[in-house]
Amino acid sequence: MSEAQEPKVNEQMEKIVSLCKRRGFVFQSSEIYGGINGFWDYGPLGAELKRNVKDRWWRSMTQQRDDVVGLDASIIMHPKIWEASGHTATFSDPMVDCLLTKKRFRADQIEPQSGTIYHFTGAKDEGNGKASSEAYSVLVATGKHPEHARKIAKQFYLGRGLTAPELLGERTEEEVNSTRFNPENGSLLTEARPFNLMFKTFVGPVESADNTAFLRPETAQAIFAQFKNVLDVSRQKVPFGICQIGKAFRNEINPRNFTFRSREFEQMELEFFIKPDEIAVKSAPEADVTPGQPQPNWGWSEWHKYWVDERIKWYASIGLDQDCLDFYWQKKEELAHYAKATVDILYKFPFGTQELEGIAARGNFDLTQHQKFSGKSMEYFDEEDKSRYLPHVIEPSAGVDRLVLALICHAYNEETVTDDKGKSETRVVMKFHPRVAPIKVGVFPLLKNRPEIVKKAMEVRDLLRPHMTVFYDEAGAIGRRYRRQDEAGTPFGVTIDFDTLGEKPELLDTVTLRDRDSMQQTRVKISELVPMLLEKIR
RNA sequence: GCGGGUGUAGCUUAGUGGUAAAGUUCCAGCCUUCCAAGCUGGCCAUGUGGGUUCGAUUCCCAUCACCCGCUCCA
């Protein structure tokens, strides 16, 4: 991104945030109390949009498949779950800051150093008479020049408001394998402070270490924990999947980019359990390969590719084509310890290309861990292959809120329209795919002071309402009503006029159907409206 | 968490140590035969808490939120 483009990028997001508030897509949480950092609410239109996204995901993931079933687990679970998953350990890393540069490090990742520590008790300033009694130390690695310590210390006191610091109380000390100093410049670090990325709470009215619990930082673990129960009741055979939509919570250090990184967010996750490669590959019958169709004996690599492909198709089905997405195959060294491969699906947001979904091949790490920590067998008995094993897993995991934000950014369009008199103005239009649009159709009587037209318009509204979200509006000029729906992203507008009532007999019981994107109008029979619109929103 | 910036109506902006202004949106009414028309009327604001002051939206301090950069990011 070039510097010249940056203001435009900010401007674009500001316009989007402003529209979100103006039209009721997204509000700041607790706004009347000044807001709360990292939390957002969905207004009327946002709630519909988000619901549509989740409904479509749920339908495509489980309702339209034989091999995936759903789960809706509790947010607070037994704390051992997070010990087994590794979150307790890795979500509470102690962090340290460099006192000079303010750079932050994970305390356990500081490389131990040996050398001479130079301690100072403070500094005074000959120029302006100021002084600092703050103690400070610098570690000079073995073999380095001692003057380096004084240089760093002077910089430190310069940062404390002194202009020409004279160092006080210098003394030295030999040190071996210390992790209290910044390896890059030798500066003293702050004391290690724990960073708890999991929200903590207490189960029951008494606060104690015994009843500490956590709000889940991801939905996936519930699926692994309930793997056996689901298997027992669903009559599924490996390969099969369990999917779930639900809230997760992370106490992010620094929420940013509108709703993109929030502390409370919703995930849509599938854990798809497959045979370990050694079983799948050995039993694969040669002739049983139908291109494009999932095969029970695929190895993890084929299943992983399959799910990447399925997910890309799904994004296209709600209006996010490949040209607005980016794909990133994580490199070996970037992979989480449990993952064999991960593909990120990214969207080109105005503030940068950012992840919407990760599709990970997780091996059998999670089931292994839960088997170990719970003492309960997580093994699956495969009748067909006559073997007992821990299934491996492919995990497509998507963030609902970031996807909704992507849809909003993608939909936002400004167009210059010119009217009959040659006057041009800007039209803001949210071009949501009709499948996710919050409101599917606006119904308008051309004039509200003609009771026959109003009555007919209400009939049309009632005809459409059982099938889709309808917004009825009779206030103001018709053009104004169209534009209002443009900003809401309503793909269709239906207007009832004098011809509907039979002013031209051949047009009796017809209406104008206005297309949001092209602003073109077509004459349609009322009786044809429902099937015609359903075809576009289904 | 650090540094910088910004907080006045739903939105965009004005302004002042002494009654807070406008456009737009929104609501109501009239009018109106297809793309933000017109007329009339109406609602709505100084982020929060302290301090200075006779009096603070204005000055000072703190705090909160948002934006940018760093940091962090399963």
Side-chain angles (χ1 to χ4, degrees), chain A residues 6-7 9-11 13-15 17-24 27-40 43 85-87 90-91 93 95-106 159 190 193 195 197 217-218 220-221 248 250-258 260-261 267 330 334-339 342 344 351 354-355 358 360 362 365 395 397 417-421 423 425-429 444-450 453 475-487 493-501 503 511-514 516 519-521 523:
Chain A
E6 266 179 57
V9 164
N10 297 344
E11 209 179 295
M13 267 324 281
E14 275 170 27
K15 283 177 178 171
V17 171
S18 170
L19 179 129
C20 280
K21 174 157 195 210
R22 186 169 74 242
R23 288 296 169 186
F27 302 128
Q28 226 182 338
S29 168
S30 323
E31 199 199 65
I32 60 168
Y33 291 102
I36 178 164
N37 189 290
F39 298 90
W40 301 90
S85 69
H87 285 80
T90 60
F91 258 36
D93 296 324
M95 306 293 283
V96 293
D97 298 315
C98 172
L99 283 169
L100 184 65
T101 63
K102 309 290 184 199
K103 188 170 172 176
R104 171 160 297 157
F105 302 88
R106 265 174 62 174
T190 59
R193 288 171 292 192
F195 270 63
L197 262 46
E218 64 171 37
Q221 293 307 320
R250 285 183 200 175
N251 215 342
E252 295 285 351
I253 294 167
N254 192 0
R256 272 294 163 86
N257 290 326
F258 199 28
F260 184 83
R261 182 176 295 144
Q267 293 184 304
Q330 285 190 15
E334 294 169 334
L335 290 172
H337 53 95
Y338 50 72
T342 298
D344 291 336
F351 49 80
Q354 301 278 345
E355 183 185 344
R362 284 173 82 113
F365 172 80
E395 179 198 76
S397 168
V417 290
T418 310
D419 66 14
D420 301 342
K421 295 149 205 143
K423 201 181 94 187
E425 61 187 6
T426 303
R427 177 175 86 122
V428 174
V429 52
F444 315 114
L446 185 62
L447 297 174
K448 76 166 168 181
N449 59 357
R450 299 290 198 284
I453 290 185
I478 189 70
R480 176 183 295 270
R481 284 178 270 165
Y482 287 150
R483 293 298 172 79
R484 267 201 282 252
Q485 292 308 308
D486 286 345
E487 278 205 345
V494 168
T495 302
I496 288 79
D497 59 16
F498 292 90
D499 288 335
T500 312
L501 302 176
E503 195 168 274
V511 293
T512 51
L513 180 64
R514 183 244 192 196
R516 173 195 64 199
M519 300 202 294
Q520 295 298 308
Q521 302 188 342
R523 202 75 199 175

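Naming convention: chains lettered A, B, ... in sequence-line order (proteins, then strands); numbering from 1 in each chain.
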*Complement of B/rG55, any strand, by Watson-Crick or G-U distances under 3.5 angstrom*: none
*How far, in whole Å, is B/rU57 from B/rG15 if one measures between their C1' atoms?*
10 Å
*For A/G24, which contact category applies under a 4.0 Å heavy-atom criterion: base, sugar-phosphate, or nothing?*
nothing
*For A/G86, answer base if it contacts any base atom (sugar-phosphate contacts may also be present), sugar-phosphate if it contacts only those atoms, and nothing otherwise; contact means non-hydrogen atoms under 4.0 Å.*
base
*Using the side-chain hydrogen bond (donor to acceptor under 3.5 Å, both in side chains) rule, pick out the option among A/R481, A/R516, A/R427 that qualifies with A/D486.*
A/R427
_Rounded C1' spacing from B/rC61 to B/rA22 in Å_ = 33 Å
*Non-hydrogen atoms of A/W40 and A/F258 that approach each other most closely*: NE1-O, 3.2 Å
*asked:* Could you tell me if the side chain of A/H87 sits less than 4.5 Å from the side chain of A/E218, heavy atoms only?
replied: yes
*Just checking A/Y33: base, sugar-phosphate only, or nothing, at a heavy-atom cut-off of under 4.0 Å?*
nothing
*asked:* Distance check needed: B/rU25 P versus A/R22 CZ, whole Å only.
replied: 11 Å
_Per A/R256 side chain, nearest of listed nucleotides B/rG10, B/rC67, B/rG69_ = B/rG69
*Grab the CD-C1' distance between A/E31 and B/rG47 for me, whole Å please.*
10 Å
*If you check the A/H87 side chain, which of B/rC67, B/rA74, B/rA65 turns out closest?*
B/rA74
_Distance between C1' atoms of B/rG51 and B/rA56 (Å, rounded)_ = 11 Å
*Separation of the P atoms in B/rU58 and B/rU46, to the nearest angstrom*: 12 Å
_Here's a test of your reading of the structure: between A/F39 and A/R261, which maps to the more 5' nucleotide of RNA chain B?_
A/F39
_Rounded distance (Å) that lies between atom P of B/rU25 and atom NZ of A/K21_ = 18 Å
*asked:* Give me the atom names and distance for the closest heavy-atom approach of A/K21 to A/F27.
replied: O-CE2, 3.6 Å
_Pairwise C1' distance for B/rC35 and B/rC43, with rounding to whole Å_ = 28 Å
*So, for A/D344 and A/G358, which heavy atoms are closest and what is the spacing to 0.1 Å?*
OD1-CA, 3.8 Å
*asked:* With a 3.5 Å limit on both atom pairs, tell me what B/rU46 is paired to, counting Watson-Crick and G-U wobble, or say none.
replied: none
*Any side-chain N or O of A/N37 less than 4.0 Å from the OP1 or OP2 oxygen of B/rC66?*
yes
*asked:* For B/rC35, give the paired nucleotide (Watson-Crick: N1-N3 plus N6-O4 or O6-N4; G-U: N1-O2 and O6-N3; both under 3.5 Å), or none.
replied: none
*What is the distance, rounded to the nearest whole Å, between atom CD of A/Q28 and atom P of B/rC66?*
5 Å
*If you measure from the C1' atom in B/rC64 to the same atom in B/rG49, how many Å do you get, rounded?*
10 Å
*Could you state the atom-to-atom distance from CD of A/E14 to P of B/rU12 in whole Å?*
9 Å
*If you look at every heavy atom in A/G35 and A/Q28, which pair is closest and at what distance?*
CA-NE2, 3.9 Å
*If you take all heavy atoms of A/D497 and A/I453, which pair is closest and at what distance?*
C-CD1, 4.0 Å
_G-U wobble or Watson-Crick pairing nucleotide for B/rU6 (cut-off 3.5 Å, both distances)_ = B/rA65
*Pairing nucleotide - B/rC73, Watson-Crick or G-U, each distance under 3.5 Å*: none
*Spacing between A/I32 atom CD1 and B/rC64 atom C1', to the nearest angstrom*: 14 Å
*Please measure how far the C1' atom in B/rU33 lies from the corresponding atom in B/rA21, and state the result in whole Å.*
39 Å
*Report, as a single string ordered 5' to 3', how protein heavy atoms within less than 4.0 Å touch nucleotides 30-40 of chain B: B base, S sugar-phosphate only, - not at all.*
--BBBBBB---
*Listed nucleotide nearest any side-chain atom of A/N257, set B/rG10, B/rC68, B/rC66*: B/rC68
*Which whole-number value in Å describes the distance from A/M13 CE to B/rC68 C1'?*
13 Å
*Return the nucleotide paired to B/rU19: Watson-Crick means purine N1 to pyrimidine N3 with N6-O4 or O6-N4, wobble means G-U with N1-O2 and O6-N3, both under 3.5 Å.*
none
*Just jot down the side-chain hydrogen bond (donor to acceptor under 3.5 Å, both in side chains) partners of A/T512, sequence neighbours excluded, or say none.*
none
*Which heavy atom of A/S85 sits nearest a heavy atom of A/F365, and at what distance?*
O-CE2, 4.0 Å
*Given that both distances must come in under 3.5 Å, which nucleotide forms a Watson-Crick or G-U wobble pair with B/rG41?*
B/rC27
_Say we look at B/rG3 and B/rA14: how far apart would their P atoms be, to the nearest angstrom?_
29 Å
